[in-house]
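One structure is given below, encoded as structure tokens.
Keep in mind that what you see is a predicted model, and the values were worked out from it rather than measured. Counting begins at 1 with the first residue of the sequence. Side-chain atoms are counted along with the backbone in the values below, which use heavy atoms only and exclude waters and symmetry mates.
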Amino acid sequence: MHKSLILVLGLAASLSGCASWFEPPKQTVAVQTFDGQQALTGAACDLVNDRGQWTLTTPGQVDVITSARDLVITCRHNDTNGQASAISRPALGYLKQPINGIIMPIDAASALQQQTMGLAQTYPDSVNVTMNQDILVTTVQLDR
């Protein structure tokens, strides 16, 4: 009985720090707007994917839930609009499991499922939206 209790308490303690396994994966995305080559502040932006919708005012950043689908960013300032699509890509090290940073064996089906569900996806960390343009952002944008 005593050994069983210790085993149960040990298991409970080890699982208590694993809440992130049950939460959707999030990433901070920063957005800056431009009018031509000039930085533009105060644009209202909506960031949307199949996992949710978030808003910010530029320059700004917001935590989004990652997805296998692209993140579409639409910004408005006065009478102008701009749009950018941040392409979803596999995250580096997506086979790494959250248990103490240990690389765990994962079967191909599990890895494919993670990719399909967006659990191992990432967006560019920073997106520049130019008003009156529709931009596709596949990786890090070059500084202006």
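Contacts of A44 classified as side chain to side chain contact (heavy atoms under 4.5 Å, CB included), with partners at least two apart in sequence or in another chain: R76.
With rounding to the nearest 0.5 angstrom, the CG atom of N132 is 10.0 Å from the CG atom of D79. Atoms CG and CG, on N78 and D35 in that order, are 9.5 Å from each other to the nearest 0.5 Å. The CG atom of L71 lies 12.5 Å from the CZ atom of R51; values are rounded to the nearest 0.5 Å. Rounding to the nearest 0.5 Å gives a distance of 7.5 Å between OG1 of T66 and CD of Q121. The line from CD1 of I73 to CG of N49 is 10.0 Å long, rounded to the nearest 0.5 Å. In this structure, OG1 on T33 lies 11.0 Å from CD on Q38, to the nearest 0.5 angstrom.
Apart from M131 itself, the hydrophobic cluster it occupies contains L40, where clustering links Ile, Leu, Val, Met, Phe, Trp and Tyr at side-chain heavy-atom distances under 4.5 Å.
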Handout entry: Steps toward side-chain hydrogen bond (donor to acceptor under 3.5 Å, both in side chains) verdict (D63, T28)
Key = CA-CA 4 Å; D63 289 336; T28 301; 2.4 Å; yes
Handout entry: Check against side-chain contact (heavy atoms from CB on, under 4.5 Å), V31 and L56
Key = CA-CA 8 Å; V31 178; L56 61 80; 4.0 Å; yes
Practice task
Show the numbers, then the answer: is there a side-chain contact (heavy atoms from CB on, under 4.5 Å) between H77 and T41?
Solution key: CA-CA 9 Å; H77 188 269; T41 62; over 6 Å; no
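With hydrogens and angles disregarded, a donor-acceptor distance shorter than 3.5 Å links the side chain of D70 to the backbone of S88. Proximity of a side-chain donor or acceptor of T58 to a complementary backbone N or O of A43 within less than 3.5 Å is detected.
With hydrogens and angles left out, the side-chain atoms of D125 and Q27 include a donor and acceptor closer than 3.5 Å. Between the side chains of T55 and D46, no donor N or O sits under 3.5 Å from an acceptor N or O. Between the side chains of Q32 and S126, not a single donor N or O lies within less than 3.5 Å of an accepting N or O.
Taken together through direct or relayed side-chain contacts under 4.5 Å among Ile, Leu, Val, Met, Phe, Trp and Tyr, V72 and I87 form parts of separate hydrophobic clusters. Hydrophobic clustering (ILVMFWY, side-chain heavy atoms < 4.5 Å, transitive): I65 and V29 are in one cluster. Linking Ile, Leu, Val, Met, Phe, Trp and Tyr residues whenever their side-chain heavy atoms come within less than 4.5 Å places V64 and I135 in a single cluster.
When every heavy atom of V129 is checked against every heavy atom of A84, the shortest pair comes out as CG2-CB, 3.9 Å.
Side-chain contact between S67 and Y123 is present, with at least one heavy-atom pair separated by less than 4.5 Å.
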